[in-house]
Amino acid sequence: GYGSNKGIVPQVCDEIFKRKTEIEASGTTTLQVTFSMMEIYNEKIRDLLNSDPKTNNDLKVRSTPKGTFVEGSKAKAVGSFDAINREMEAGTASRTVAATQMNATSSRAHTIMAITVKQIIIEDGRTKEIASDMNLVDLAGSERAESTGATGDRLKEGAAINKSLSSLGNVISALAEQGEQQRPRLQ
């Protein structure tokens, strides 16, 4: 969305900071929010908040017992909706876009916005921390070479977009099948 017609990501971010104000009013809890923004372009991950092309390209996904993360991505601390909105705008300006016959500014990549909210609660002189991660994904649309008039690099980008969307579809199907197998049956 644009202007007053906010999209889902700005709406979520706005709600986070409204709730942050309410929660912190208790005086016992503070919230720390960090934001990162990456894109998957031609099957490579790029940090959209890092302007250095030497360190922001072809980042690797790593898994540890504590979770999965993108090695080398930068998370920025944000204390307000205005601050996170500025970071989103900077990241959006760095996105890979190109003109096709169907769209003058067609996104050529999938974009991931990762938001971490950490609650720091002080009760009875003890400090407890609880963190939650939220990953919001903006998928590039599927590509039809005929409709878009894609050739050369645009055609390769479209093929990479379609391949990743197909892979995502396979993952969703496998998860749905697994869920069906685990769901108790009524008799």
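We number each residue from 1, following the sequence as shown. It should be emphasised that the depicted structure is a prediction, and the values quoted were computed from it without experimental measurement.
Under the 3.5 Å distance criterion, with hydrogens and angles disregarded, a donor-acceptor pair is assigned to the side chains of Thr55 and Asn50.
The residue from Val12, Asp14, Val78, Thr34 that alone fulfils the side-chain contact (heavy atoms from CB on, under 4.5 Å) condition with Ile84 is Val78.
Phe69 and Val137 fall into different hydrophobic clusters, where Ile, Leu, Val, Met, Phe, Trp and Tyr are joined by side-chain heavy atoms under 4.5 Å apart, directly or via other members. Residues Leu136 and Phe35 share a single hydrophobic cluster, defined by chaining ILVMFWY side chains whose heavy atoms lie under 4.5 Å apart.
Here the straight-line distance linking atom CD1 of Ile45 with atom CD1 of Ile112 works out to 6.5 Å at 0.5 Å rounding. For the atom pair CD (Glu39) and CG (Leu48), the distance works out to 4.5 Å, reported to the nearest 0.5 Å. Taken to the nearest 0.5 Å, the CD1 atom of Ile8 stands 10.5 Å off from the CE atom of Met113. Here CZ of Arg19 is found 11.5 Å from CG of Leu31. Values are rounded to the nearest 0.5 Å. Atoms NZ and CD1, from Lys20 and Ile23 in turn, are 9.5 Å apart once rounded to the nearest 0.5 Å. The distance from the OG1 atom of Thr21 to the CD1 atom of Ile16 is 12.0 Å, given to the nearest 0.5 Å.
For the pair Met37/Thr92, a side-chain contact is recorded, criterion being any heavy-atom separation below 4.5 Å from C-beta on. Inter-residue side-chain proximity for Asp138 and His110 is flagged as unmet; no heavy-atom pair is nearer than 4.5 Å. Considering only heavy atoms from C-beta on, Met88 comes within 4.5 Å of Val9 through its side chain.
In this structure, Asp58 and Lys44 approach most closely via the heavy-atom pair OD1-CG, 3.7 Å.
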Subject >> salt bridge (Lys or Arg N to Asp or Glu O under 4.0 Å) assessment of Glu22 paired with Lys18 >> reply: CA-CA 7 Å; Glu22 293 169 10; Lys18 284 178 183 173; over 6 Å; no
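Between Arg86 and Asp82 there is no salt bridge, since none of the side-chain N atoms of the basic residue sits less than 4.0 Å from a carboxylate O of the acidic one.
Looking only at distances, no side-chain donor or acceptor of Thr68 sits under 3.5 Å from a matching main-chain atom of Thr64. No donor-acceptor distance shorter than 3.5 angstrom exists from the side chain of Glu87 to the backbone of Ser36, with no hydrogens or angles considered.
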Donor-acceptor contacts under 3.5 Å from residues 70-77 side chains, at least two apart:
| from | atom 1 | to | atom 2 | distance (Å) |
| --- | --- | --- | --- | --- |
| Glu71 | OE1 | Arg62 | NE | 3.1 |
| Glu71 | OE1 | Arg62 | NH2 | 3.2 |
| Ser73 | OG | Val70 | O | 3.2 |

All N/O donor-acceptor pairs, side-chain side in residues 114-129, below 3.5 Å, sequence neighbours left out:
| from | atom 1 | to | atom 2 | distance (Å) |
| --- | --- | --- | --- | --- |
| Thr116 | OG1 | Asp133 | OD1 | 2.7 |

